[in-house]
Amino acid sequence: MASSSSHGLVLPCLAVECSCYSPNTTFISAAEKKLVAAAAGLPSELLDVKATVCPTPLGWILSRQDKIPLPPLTRIDDDVLMDSNCLLSDQPTALAAAGCVVPLVEPQDTVIWYHHIGAGAGGEWTRHEYDIGIQSDKYGFTEKVHIVPIAACCGKFYFNSFFTEISVLEFSGPAGPPQFSSIKLAGSVPGDWGRGACHVFLLESDGQLYMVCLKTPGSSSSSLSSLQVGVYKMDFSERRWCRADDLGDRAFFAKY
């Protein structure tokens with residue numbers, strides 16, 4: 001695992017992957033609004049066009065060229081790795097490493113890989129196939145529920161949330177298995193989110209959990225100009241999503 005913060009790069013920095021013809025990772029400086037070149041201070045192994053990386057929300061990048069030693073992740077294809085969702089329960093520093101868990105959520109299969117940093121858990125990634133329910137559409141098509149979206153906050157992982165419920169993934173003990181639960185939320189779906197296609201994103205900022213909702217009207221001719229955006233902050237004491245009208249000097253990035 002490599003961290004861009006240790007190479008003099010102006011943060012925040014995004015790592016995005018384009019697989020139109022072949023896997024290729026591009027780094028973008030959000031602060032400077034431009035592509036990052038080798039001269040900007042990124043390590044050469046990350047700028048290699050053949051490098052396989054998976055960014056995390058905490059500024060660390062999961063890479064085949066490890067900087068914080070992790071066991072080899074050899075049983076997952078590069079294409080799957082680059083599209084997976086990689087998170088950290090905490091900063092993987094010397095003091096926090098013993099309690100830091102790195103889960104990797106596959107995009108298509110109901111599979112997560114996880115590793116407890118510094119916990120002496122056998123020196124390998126653990127593969128876990130989860131079953132959190134079945135969902136169906138109005139045509140009768142059924143499939144397993146996938147973990148999407150997901151975000152890490154205060155040592156736990158929150159996923160598949162809307163206004164009435166949120167699911168929780170946590171790991172018991174220094175090397176424990178994943179445990180799934182859910183929290184019923186107080187409140188109902190606001191009327192303005194009742195119709196149309198809605199995309200939901202979860203993210204953490206300054207120790208707070210946020211939900212970003214993007215909605216387009218039901219018409220097939222909808223454009224970005226008609227996109228409706230809502231940002232909500234979780235109040236765990238009230239178990240409720242509260243609308244956030246001001247983010248201060250922060251900016252949230254959502255892949256739409």
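- Within a 6.0 Å radius of CD in E143, other residues, nucleotides and ligands contribute more than 12 heavy atoms.
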Criterion side chain to side chain donor-acceptor pair (under 3.5 Å) on S161 and W241, from CA distance to verdict | CA-CA 10 Å; S161 177; W241 286 112; 3.1 Å; yes
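- In this structure, L209 and A151 approach most closely via the heavy-atom pair CD1-CB, 4.1 Å.
- The distance from atom OG of S167 to atom CD1 of I150, rounded to the nearest 0.5 Å, is 9.5 Å.
- Put simply, CZ on F201 and CG on L214 are 5.0 Å apart, with the number rounded to the nearest 0.5 Å.
- Here the CZ-NZ distance, from R243 to K233, works out to 14.0 Å after rounding to the nearest 0.5 Å.
- Minimum interatomic distance between R250 and D206 (heavy atoms only, all atoms of both residues): NH1-OD2, 3.6 Å.
- Not one N or O on the side chain of D77 forms a donor-acceptor pair closer than 3.5 Å with the backbone of D79.
- In terms of modelled atom types and a separation under 3.5 Å, the side chain of Y130 and the main chain of I147 share a donor-acceptor contact.
- Note that the CD atom of Q179 and the NZ atom of K156 stand 10.0 Å from one another [nearest 0.5 Å].
- Between F180 and F159, the ring planes lie perpendicular to each other; the angle is over 60°, past the 30° to 60° tilted range.
- Atoms CD1 and CG, from I117 and L88 in turn, are 6.0 Å apart once rounded to the nearest 0.5 Å.
- For F163 and Y232, the ring centers are positioned less than 6.0 Å apart.
- Heavy-atom minimum distance, Y158 versus C153: CE1-O, 3.6 Å.
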Decide side chain to side chain contact (heavy atoms under 4.5 Å, CB included) for L203 and F253; before the verdict, give the C-alpha distance in whole Å, the side-chain angles of both, and the deciding distance to 0.1 Å.
-> CA-CA 9 Å; L203 56 94; F253 292 86; over 6 Å; no
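- Side-chain contact between W125 and T74 is absent, with no heavy-atom pair separated by less than 4.5 Å.
- Checked against V105 for a side-chain contact (heavy atoms from CB on, under 4.5 Å), the options I112, L169, V148 give a single hit: I112.
- When all heavy atoms of S136 and T142 are compared, the pair lying nearest together is CB-CG2, 3.5 Å.
- At distances below 3.5 Å, not a single donor-acceptor pair connects side-chain atoms of H115 with backbone N or O atoms of W113.
- Two residues are said to be in side-chain contact when any heavy atoms from C-beta on lie closer than 4.5 Å; R240 and L185 fail this criterion.
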Under the side chain to side chain contact (heavy atoms under 4.5 Å, CB included) rule, what do M211 and I166 come out as? Steps first, then yes or no, please.
-> CA-CA 11 Å; M211 177 174 69; I166 186 169; over 6 Å; no
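- Within a 6.0 Å radius of CZ in R127, other residues, nucleotides and ligands contribute more than 12 heavy atoms.
- The shortest heavy-atom contact between Q208 and M234 is OE1-O, 4.2 Å.
- Aromatic pair F157/Y114: centroids not less than 6.0 angstrom apart.
- Atom-to-atom distance recorded for L87:CG and E204:CD is 10.5 Å, nearest 0.5 angstrom.
- Judged by distance alone, with hydrogens and angles left aside, the side-chain atoms of S84 form no donor-acceptor pair with the main-chain N or O of L104 at under 3.5 Å.
- Of the possible donor and acceptor atoms, none in the side chain of N85 sits under 3.5 Å from a partner among the backbone N and O of P107.
- A pairwise comparison of heavy atoms in C213 and V200 identifies SG-CG2, 4.3 Å as the closest pair.
- Using bins of under 30°, 30° to 60° and over 60° for the plane-to-plane angle, the ring pair F171/H116 lands in the perpendicular bin.
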